[in-house]
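Structure first, commentary second.
Each chain gets a letter, A, B and so on, in the order the sequences are listed, and its residues count up from 1.
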Amino acid sequence: MIKYQQQFCLSLLTNCKTLKSFKQIHAQVLKKGLDADPFVAGKLLLHCSINLSDSLNYAYRLFNYTPNPDVFMYNTLIRGLVESENPQNSSCIFTHMLRYSHSPPDSFSFAFVLKGAANFGCLETGFQLHCQALKRGFNTHIFVGTTIISMYAECRNVGFSRKVFDEMPQRNVVSWNAILTAYFRCDDLKGAEGVFYLMPFRDLTSKNVMLAAYVKAGKVDLAKELFLGMLVKDDVSWSTMILGLAHNGCYDEAFDYFRELQRLGRTPNEVSLTGVLSACAQSGALEFGKLIHGFVEKSGLVFISSVNNALLDVYSKCGTLDLARSVFERMPGKKSAVSWTSMITGLAMQGYGEGAIRLFNEMKESGVRPDGITFIAILKACSHAGLIEEGHEIFSKMTKEYGINPTIEHYGCMVDLYGRAGQLQKAYDFVVQMPIPPTAIIWRTLLGACSFFEDVDLAELVKERLTETDPNNSGDHVLLSNIYALAGKQNNVVLVRKSMAKLKMKKTPGWSVIDKV
DNA sequence: GTACAGCACC
């Protein structure tokens, strides 16, 4: 009888898609007293921590109300937490297991919790887990060993990955692919190539990882050579190439590969679509983008958020803000920081500074947390629209309220902001007190502003700094392009000669063009 | 009853 009831409750789970219906099943289980059955309890926990979305809190409570959770229950909760927003919680449960559980962790526990450390990217946690695995003899388990390799790679430590790989008592194609991927993740092309040619067996995954390593390193020709030599190609091979070509500025080739994919009768997946749309956005291919949009609508892929974001980006970058807005408004589900950022970028590029700030405020009100790239977009909006105070305030809030450390690009936006407003000394002082060393781009931005506002003394100083940063760069081309612009605008060769003399510049090959003005 | 490797939007 008990067996029958157990079977009945478990069969109900098969069609259970929502937390609401799950709670009803749980109520039935409690009513029949089946919650004491470890098998039923385990299945319930598995369902709400893995199969249902947004039910992790309930899984947590379910776990807490279980007097003596078995190893399966611990593993299941850890597994659910690994893929959650805070994967670091998975190691807390693991620690709890070490301290309080009657049953010690097994190979599954290690595989899951190590993946959590990888997702969290915390070397210290990963290292401690590795030690635990060693202590308990799980390091020789092939699944655990392979996960340790990936964990170290995610923590940017491919040297440790290699050491673990070298010491593995047995290896399969998955462990070989894991060490290959480790080099790829850590941007070590030579290491990846070394492994690839040393591998005793290569499957489709190995080749796809190698393709990804080539395109990531900008070696488009090597990627194409490998791709053409592959007898079997899957969706990942195609999408790696299309996205890789788009990221390396080979837009026409990205379009060609996409057309070829369609000609072969394959359905492009979301990665190929985002790749080809990224090529459209960067090259300004609005019409091709619209064509892809039509395809996306027709094939029912319009619900994929990455594709929607890529479409939005095409319309934003091409300056068709009404179309961008309509994609943005009609987006299914909650808009992510990426969607908001794309829309803000579009407004910023068209010079709608206030509009961009309004949207940025709307974003915050809707509860979406801006990331570092959102701040680049909004700071650009401020500098293009001359909103100095606003830009300044947003920059300080970025660190204080959002805990985002400014990167060189954020600093670049600020230099541009002050520079465009003619606050040259402020811009210079800002650069000098930056906690990270200024790059040539920073100095060139400032130099452009100095020449625009004809501050010769500061321009001289900035030129010196620029040459110190990059000995091959005198900054003359920045000054020249400004002077050429001046010549073109004012058609005034005397002014040009005067500007060049003031900036103590020599005649250059371009000089003859100005002579003719 | 559970697991290891691949492409991913701003």
Assert yes or no for the condition that the ring centre distance of A/Phe72 to A/Phe108 is strictly below 6.0 Å. no
I'd like to know if A/Ser239 reaches the base of B/dC7 with its side chain such that a donor and an acceptor end up less than 3.5 angstrom apart. yes
For A/Leu243 and B/dC7, give me the distance from atom CG to atom P, rounded to whole Å. 10 Å
Which nucleotide sits closest to the side chain of A/Phe108: B/dA8, B/dT2, B/dC4? B/dT2
Roughly, in whole Å, what's the span from CG in A/Leu204 to P in B/dC7? 13 Å
How many whole angstroms separate atom CD1 of A/Ile78 from atom P of B/dG1? 20 Å
Selected nucleotide, minimal atom distance to A/Val271 side chain, candidates B/dA8, B/dG1, B/dG6: B/dA8
So what does A/Asp313 touch, heavy atoms closer than 4.0 Å: a base, only the sugar-phosphate, or nothing? sugar-phosphate
Nucleotide nearest A/Asn309 (side chain, heavy atoms from C-beta), chosen from B/dA5, B/dC9, B/dA3: B/dC9
Can you tell me whether the side chain of A/Ser107 and the base of B/dA3 have a donor-acceptor pair closer than 3.5 Å? yes
As a test of reading the structure: which of B/dA5, B/dC10, B/dA3 is closest to the side chain of A/Ile373, going by heavy atoms? B/dC10
Applying a 4.0 Å non-hydrogen cut-off, can you work out what A/Thr147 is touching in the nucleic acid: base, sugar-phosphate, or nothing? sugar-phosphate
More than 12 heavy atoms of other residues, nucleotides or ligands under 6.0 Å from CZ of A/Phe201: yes or no? yes
So A/His247, base contact, sugar-phosphate only, or nothing? Heavy-atom distance under 4.0 Å. sugar-phosphate
Can a side chain N or O of A/Arg185 be found less than 4.0 Å away from OP1 or OP2 on B/dG6? yes
At under 4.0 Å between heavy atoms, what does A/Asn308 touch on the DNA or RNA strands: base, sugar-phosphate, or nothing? nothing
Do A/Arg259 and A/Phe288 meet the cation-pi criteria used here (NZ or CZ under 6.0 Å from the six-membered ring centre, within 45° of the axis)? yes
Is it true that the NZ or CZ of A/Lys397 lies under 6.0 Å from the centre of A/Tyr402's six-membered ring and within 45 degrees of the ring axis? no
Categorize A/Asp106 for me: base, sugar-phosphate, or nothing, with a 4.0 angstrom heavy-atom threshold over every strand shown. base
Regarding A/Asp106 and A/Ser109, do their side chains bring together a donor and an acceptor under 3.5 Å, going by distance alone? yes
Over how many whole Å does the gap from A/Asp70 atom CG to B/dT2 atom P extend? 14 Å
Stacking check A/Phe72 vs B/dG1 (5.5 Å / 30 deg): yes
Assign A/Val209 to base, sugar-phosphate, or nothing according to its heavy-atom contacts below 4.0 angstrom with the strands shown. sugar-phosphate
Gap between atoms CG and P, on A/Asp203 and B/dC4 respectively (whole Å): 15 Å
Let me know the distance between OH of A/Tyr214 and P of B/dC7, rounded to the nearest Å. 16 Å
For a quick check of understanding: with a heavy-atom distance under 4.0 Å over all strands, which category does A/Lys317 fall into, base, sugar-phosphate or nothing? sugar-phosphate
Can you tell me the distance, in whole Å, between the CZ atom of A/Phe94 and the P atom of B/dT2? 20 Å
Touch class at under 4.0 angstrom, heavy-atom based, for A/Phe184 against every strand present: sugar-phosphate
Between B/dC7 atom C1' and A/Met241 atom CE, what is the distance in whole Å? 12 Å
Looking at A/Ile441, I want to see if its CD1 is surrounded by more than 12 non-hydrogen atoms of other residues, nucleotides or ligands under 6.0 Å. no
If you compare every side-chain N and O of A/Lys115 against the phosphate oxygens of B/dC4 (OP1, OP2), does one of them come in below 4.0 Å? yes
Does A/Thr240 make a side-chain donor-acceptor contact with the base of B/dC7, cut-off 3.5 Å? no
